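Here is the structure we will look at, set down as structure tokens.
What you see is a predicted model, and the numbers here were worked out from it, not measured in a lab.
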Amino acid sequence: MKKLIVFTAFLAVMLVIVGHVNAQYAAQRNSVGLNAGGLSYSGRFSVDAPIGTFTSVYGSFTYRQRLIDKLYVRAEVMGGQLKGNNKEVESQYQSVRQGEFQTGIGEVSVKAEYDFIDLKTYKVSPFINIGAGGYMLFGYSSSEGEKESSDLAGFVMPVGVGIKYRLNNRIKLLAESGIRFFSNNLDGYTGPNVNNPNKYYNVGIGFIYELERVNALW
């Protein structure tokens with residue numbers, strides 16, 4: 001009987017300790033990151049042109065907050081350049097599609113991001129994200145003429161896919177690609193019966209840094 005009482009008391013103490021530790025457990029919910037890569041414009045002034053004439057670079061800062069399990073909210077601030085130039089392409093000589101443009105771009109977006117595999121347990125996971133935001137063009141120039149100031153800003157919808165690799169408990173590496181759809185025309189090429197895609201593609205790499213240590217206590 002005494003042994004049963006001692007064992008019961010020991011078990012009760014252990015349950016209290018475990019419950020206390022679990023109550024203090026803080027999951028890794030917040031992280032920051034940096035990304036960089038290339039932006040490729042898709043529009044009339046990229047037709048038949050070499051890739052270097054319509055591809056430039058970008059950089060971005062990200063903040064993620066875990067909502068539930070493998071689902072995150074990702075806020076991102078991005079800056080880069082967009083350009084296109086097919087004026088020297090022989091197939092475009094004397095074509096109404098011939099021209100060039102160049103602009104800087106700044107973008108702020110919020111996305112839902114989902115990891116298909118739990119990176120707390122496994123090393124690698126594919127992911128997807130989709131969201132919405134706003135953008136602004138600056139230093140704009142185009143063979144089609146200047147844009148009105150009201151046309152230099154608008155809405156954007158980014159969609160992306162990629163893969164994450166857990167390097168250690170605090171750092172993850174990633175590679176991603178995506179496409180962005182714009183509410184306004186980018187290159188200035190407009191007119192009746194003109195079907196000019198308002199979108200560009202990105203390919204990049206980056207890292208994520210978890211702000212909380214794994215199994216941290218309050």
Side-chain angles (χ1 to χ4, degrees), residues 32-64 72 74-89 92 97-113 126-147 149 151-165 172-190 194-208:
V32 295
L34 293 174
N35 299 336
L39 295 174
S40 287
Y41 149 79
S42 173
R44 293 306 184 195
F45 302 152
S46 67
V47 175
D48 293 342
I51 189 171
T53 64
F54 58 85
T55 300
S56 49
V57 297
Y58 77 93
S60 70
F61 171 80
T62 61
Y63 168 78
R64 286 175 178 82
Y72 301 81
R74 168 176 168 175
E76 186 166 10
V77 179
M78 187 206 74
Q81 184 188 52
L82 293 173
K83 65 179 182 178
N85 185 345
N86 66 353
K87 293 180 70 174
E88 303 302 321
V89 178
Q92 298 302 305
R97 295 184 173 185
Q98 190 178 26
E100 65 177 333
F101 90 107
Q102 181 171 305
T103 183
I105 183 170
E107 180 185 297
V108 177
S109 63
V110 177
K111 310 172 189 176
E113 185 166 280
F127 68 89
I128 59 172
N129 57 51
I130 185 171
Y135 72 91
M136 179 171 288
L137 307 180
F138 53 91
Y140 184 89
S141 65
S142 172
S143 57
E144 300 296 304
E146 295 297 320
K147 278 182 174 290
S149 58
D151 200 29
L152 293 174
F155 297 101
V156 61
M157 186 180 76
V159 180
V161 297
I163 189 165
K164 296 176 185 175
Y165 173 76
K172 299 180 180 72
L173 307 179
L174 67 84
E176 64 180 345
S177 63
I179 183 172
R180 284 167 161 83
F181 299 93
F182 289 87
S183 61
N184 295 332
N185 176 278
L186 293 175
D187 55 25
Y189 186 86
T190 59
V194 170
N195 179 20
N196 191 14
N198 292 308
K199 61 187 177 183
Y200 66 79
Y201 301 91
N202 70 283
V203 176
I205 58 174
F207 75 91
I208 301 167

Using modelled atom types only, decide if a donor and an acceptor are shared between the side chain of [X] and the backbone of [Y] within a distance under 3.5 Å.
X    : Y    : value
S183 : F155 : yes
Y135 : S109 : no
T103 : G139 : no
N184 : L152 : no

Kindly compute the distance separating [atom1] ([X]) from [atom2] ([Y]), expressed to the nearest 0.5 Å.
X    : Y    : atom1 : atom2 : answer
K83  : D187 : NZ    : CG    : 15.0 Å
K199 : I179 : NZ    : CD1   : 4.5 Å
S177 : N202 : OG    : CG    : 7.0 Å
S149 : M136 : OG    : CE    : 9.5 Å
Y58  : S60  : OH    : OG    : 5.5 Å
K147 : N185 : NZ    : CG    : 4.5 Å

Side-chain touch [X]/[Y], heavy atoms, less than 4.5 angstrom:
X    : Y    : result
V161 : F127 : no
T53  : E88  : no
F61  : V32  : yes
R44  : N86  : no
L174 : N35  : yes

_Those residues that, when tested against F54, pass ring-ring contact (aromatic ring centres under 6.0 Å, His included) (two or more places apart)_ = none
*Identify, with sequence neighbours excluded, every residue that meets salt bridge (Lys or Arg N to Asp or Glu O under 4.0 Å) alongside K111.*
E76
*For the pair E113 and K164, find out whether any cationic side-chain nitrogen is under 4.0 Å from an anionic carboxylate oxygen.*
yes
*In this structure, are over 12 heavy atoms from other groups packed under 6.0 Å from I205 atom CD1?*
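No, because the 6.0 Å sphere around CD1 of I205 holds 12 heavy atoms or fewer from other groups.
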*Test log, rule side chain to side chain contact (heavy atoms under 4.5 Å, CB included), inputs R64 and K172*: CA-CA 12 Å; R64 286 175 178 82; K172 299 180 180 72; over 6 Å; no
*Reference residue Y41; test ring pair (Phe, Tyr, Trp, His ring centres under 6.0 Å); the match among Y201, Y200, F101*: F101
*Hey, can you tell me if F45 and Y189 have their rings parallel, tilted or perpendicular (30° and 60° cut-offs)?*
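Ring orientation, 0 to 90° scale: perpendicular.
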Nearest heavy atoms of [X] and [Y], plus distance in Å:
X    : Y    : answer
M157 : G131 : CG-O, 3.2 Å
I105 : L82  : CD1-CD1, 4.0 Å
F182 : V156 : CE2-CG2, 4.0 Å

